[in-house]
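Okay, structure first, notes after.
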Amino acid sequence: MKEQAVQAEIGLIGLGVMGANLTLNIAEKGFPIAVYNRTWETTEKFIANAGPLASRIIACRSMADLAEAIHPPRPVIIMVKAGDAVDEQISGLCKVLKPDDIIIDAGNANYHDTVRRDAALAGTGIAFIGMGVSGGEEGARHGPSIMVGGLEQSYHRVEKVLTAIAAKYKKQPCCAWMGTDGAGHFVKTMHNGIEYADMQMIAEIYGLMRDGLGMKAPEMAKVFARWNEGKLNSYLIEITAKVLATVDGKTKKPLVDVIVDRAGQKGTGKWSVIEAQHLGIPATTLEAAVAARVLSSMKDERSRAEKIFGASRRKLTPKSRGAFLKQLESALYAGKIAAYAQGFAVMEQASAEKGWNLPLGTIASIWREGCIIRSQFLDLITSSFKKSRGKGNLLMAGDFAAMMKANQAALRRTVADAALNGAPVPALSAALSYFDSYRRARGTANLIQGQRDFFGAHTFERIGEPGSHRGAWIS
Ligand code: NBP
């Protein structure tokens, strides 16, 4: 370790994309920071490129050096690949840290792991925080959205640094305490599930423009840029316009046209829908988005299927293209309402079952800046939750009920147009079906109960008669 005049206020392990940028952010906000990375060359390179901020960064060759470089009680952020690597760092840190120090896992952990790690550290005197960080590389460098889980007093001990580095929405830091143990990582998981749904619905609308209307990427870029000025204003719509407008240096074609249509995933979207299923909350739009990524990865199989069935490429021929694009804009908005209603409903249920008391209004408010799903829409959710205290499905909240009423017809027409055109819109149609099922007082599960009773003697409830009943079914 280099001789340093200052002692660090905080430490960080893992100088990958996120860790390196988070370190620069922390140093820039005036906090001396000690860093350690498994591969020393990465640390050297990082320091060499840190510019004037290097004077606030202490490069350490070992965890012992790291612990020594930080002023006790020491907070240490772990920002490495989620999974076993985190357990390895924790066990290494436990050898060099002392009671009252705090380990902060800021990667995308599965919240079950966070709960396990929190329990394992209880009794050691070392506190544990599981912290969701959203905003990618840019967010980490200039202000992410931060969702903190752990004991509230542990959060308050690192609040100063975290609120300083977090994104700001109208001067309010996008950082808050979510609840104990896994709450922060759970909320981050649901953030990512909603992000999957948002991205998938945008991609479906892009598909209708490209294959249905035959629009070219630069033309679509202009439409998305215009939408970004309106009710759909959001980071994802903004970058969609930029992605569509970018030209490939090699081929001079729109870059999006030379990208293979196979989307990757790292697991958080999948976890969000697994948790929704465990909690018994329908999150069909999120599920459709995850499944769509899986189907996208089956490129060879899809190519073989197209040879057998053909790809329906019937053009959409709206009377007015302008009016049709307005319909798509509203459809996307209605789909977004349904997706967020699902995501927040999952968090409301998790909060009740796990005793987290998740602050749903605060969650919406800290997603207004810094994170990937930041949008004007989240400001509306924040205001709505202020009135309802985050209780009840977003679809039923006054403003959102009115918005859904105003936009649902566009969603319906778009899903119908897509179906007739043979264009897949799994997330948009899941959103529509969710809405139609949710707003129907008499559904069709009476028949399912009849079938269940017929084959399995599961009994059913009778309208107007309490208790469980059996049917005298004909054979
Ligand atoms: P990177 O792949 O850029 O960096 C990974 C870091 O983990 C490197 O410092 C690497 O050290 C270290 N590491 C690995 Br890999 N295995 C290790 C091990 N067994 N022991 C010690 N260190 C190990 O990842 P990243 O994109 O910075 O992501 C870090 C975390 O942040 C992940 O949990 C990710 O899901 C989460 N996250 C990422 C984003 C994003 O947009 N990228 C956004 C939000 C959250 P090395 O230099 O020795 O290989």
Side-chain angles (χ1 to χ4, degrees), residues 11-26 33-50 57 59-66 76-96 103-114 117 129-149 162 165-167 174-175 182 184-196 199 235-236 239 263-272 366-367 369-374:
L12 184 140
I13 296 178
L15 291 171
V17 174
M18 293 298 283
N21 283 290
L22 215 53
T23 299
L24 296 174
N25 187 356
I26 293 170
I33 176 167
V35 294
Y36 163 71
N37 192 69
R38 176 180 62 172
T39 314
W40 172 247
E41 290 73 39
T42 306
T43 312
E44 282 185 314
K45 248 190 235 156
F46 170 70
I47 295 290
N49 293 322
I57 304 170
C60 304
R61 281 183 184 270
S62 69
M63 280 197 200
D65 285 352
L66 182 86
V76 180
I77 296 173
I78 300 176
M79 198 39 134
V80 302
K81 190 178 172 190
D84 294 345
V86 176
D87 288 308
E88 288 164 26
Q89 306 316 299
I90 293 175
S91 94
L93 278 173
C94 282
K95 294 182 189 126
V96 296
I103 296 176
I104 304 164
D105 174 20
N108 274 341
N110 185 314
Y111 93 96
H112 292 288
D113 286 335
T114 307
R117 289 167 184 148
I129 282 179
M131 181 169 101
V133 176
S134 176
E137 184 176 3
E138 194 59 19
R141 177 66 185 88
H142 298 293
S145 172
I146 302 177
M147 296 140 260
V148 184
L162 298 183
I165 63 167
C174 292
C175 168
H185 278 138
F186 185 88
V187 172
K188 173 72 201 305
T189 297
M190 292 316 300
H191 166 283
N192 286 21
I194 293 171
E195 176 187 309
Y196 271 52
M199 292 170 74
Y235 174 71
L236 281 171
I239 65 160
Q265 52 175 322
K266 284 190 175 163
T268 44
K270 182 173 80 179
W271 297 342
S272 74
I366 64 167
W367 287 352
E369 260 311 328
C371 66
I372 303 297
I373 62 171
R374 60 187 182 259

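All ligand and atom numbering here is 1-based and tracks the order in the structure. All values below come from the heavy atoms of this structure, side chains included, with hydrogens, waters and symmetry mates left out.
When hydrogens are left out, the protein atom nearest atom 48 (O) of ligand 1 is T39 OG1, 2.4 Å; that is the closest non-hydrogen contact. When only non-hydrogen protein atoms are considered, atom 17 (C) of ligand 1 lies nearest to R38 NH1, 3.3 Å. For atom 9 (O) of ligand 1, the closest non-hydrogen atom on the protein side is N37 OD1, 2.7 Å. The protein heavy atom nearest to atom 4 (O) of ligand 1 is G16 CA, 3.3 Å. Atom 20 (N) of ligand 1 has Q89 NE2, 3.0 Å as its closest protein atom, hydrogens excluded (heavy atom only). The protein heavy atom nearest to atom 31 (O) of ligand 1 is M79 SD, 3.5 Å. When only non-hydrogen protein atoms are considered, atom 33 (O) of ligand 1 lies nearest to N108 N, 2.9 Å. In this structure, atom 28 (O) of ligand 1 lies nearest to the protein heavy atom M18 CG, 4.0 Å.
Under the 3.5 Å distance criterion, the side-chain polar atoms of H185 are left unmatched by any main-chain donor or acceptor of T114. Looking at T39, its side chain never comes within 3.5 Å of a backbone N or O of T42 through a donor-acceptor pair. R374 places a side-chain N or O within donor-acceptor distance of the main-chain N or O of C371, the cut-off being under 3.5 Å. No donor-acceptor pair closer than 3.5 Å links the side chain of D113 to the backbone N or O of A109.
Side chain to side chain, N108 and K266 fail the donor-acceptor criterion of an N or O pair below 3.5 Å.
In this structure, atom 24 (O) of ligand 1 has no protein heavy-atom contact shorter than 4.0 Å. Distance remark: protein heavy atom present below 4.0 angstrom from atom 35 (O) of ligand 1.
Near V17, with a cut-off below 4.0 Å to any heavy atom, the atoms of ligand 1 are 3 (O), 26 (O), 27 (O). Atoms of ligand 1 found under 4.0 Å from any heavy atom of A85 (numbered from 1 in listed order, with element): 16 (N), 17 (C), 18 (C), 19 (N). The distance from ligand 1 to the heavy atoms of G107 drops below 4.0 Å at these ligand atoms: 30 (C), 31 (O), 33 (O). The distance from ligand 1 to the heavy atoms of L15 drops below 4.0 Å at these ligand atoms: 9 (O). Less than 4.0 angstrom separates some heavy atom of G14 from each of these atoms of ligand 1: 9 (O). Within ligand 1, the atoms closer than 4.0 Å to a non-hydrogen atom of V133 are 44 (C), 45 (C), numbered from 1 in the order shown. Within ligand 1, the atoms closer than 4.0 Å to a non-hydrogen atom of G136 are 41 (O), numbered from 1 in the order shown. Here is the list of ligand 1 atoms found below 4.0 Å of a heavy atom in A82: 33 (O).
Both the sub-6.0 Å distance and the 45° axial angle are satisfied by R61 relative to the ring of W40.
Closest heavy-atom contact between W367 and M190: CH2-C, 4.5 Å. Contact record, V80 with A85: CG2-CB, 3.9 Å, taken as the closest heavy-atom pair. Contact detail for M147 and S134: the closest heavy-atom pair is CE-CB, 3.9 Å. Closest approach of G136 to I372, counting heavy atoms only: N-CD1, 4.3 Å. Contact record, G143 with N25: N-ND2, 3.6 Å, taken as the closest heavy-atom pair.
Not one N or O of K188 is nearer than 3.5 Å to an N or O of ligand 1, by distance alone. The shortest N or O to N or O distance between E88 and ligand 1 is below 3.5 Å.
For the side-chain hydrogen bond (donor to acceptor under 3.5 Å, both in side chains) with T268, the qualifying choice from T189, N110, N192 is N192, the only one to do so. Results of the side chain to side chain contact (heavy atoms under 4.5 Å, CB included) test with L15 over I57, N21, T43 single out T43 as the only residue that passes.
Contact between K266 and ligand 1 is absent, with no heavy atom of the residue lying under 4.0 Å from the ligand.
Ranked by closest heavy atom to atom 5 (C) of ligand 1, the top entry among H191, K81, E137, E138 is K81.
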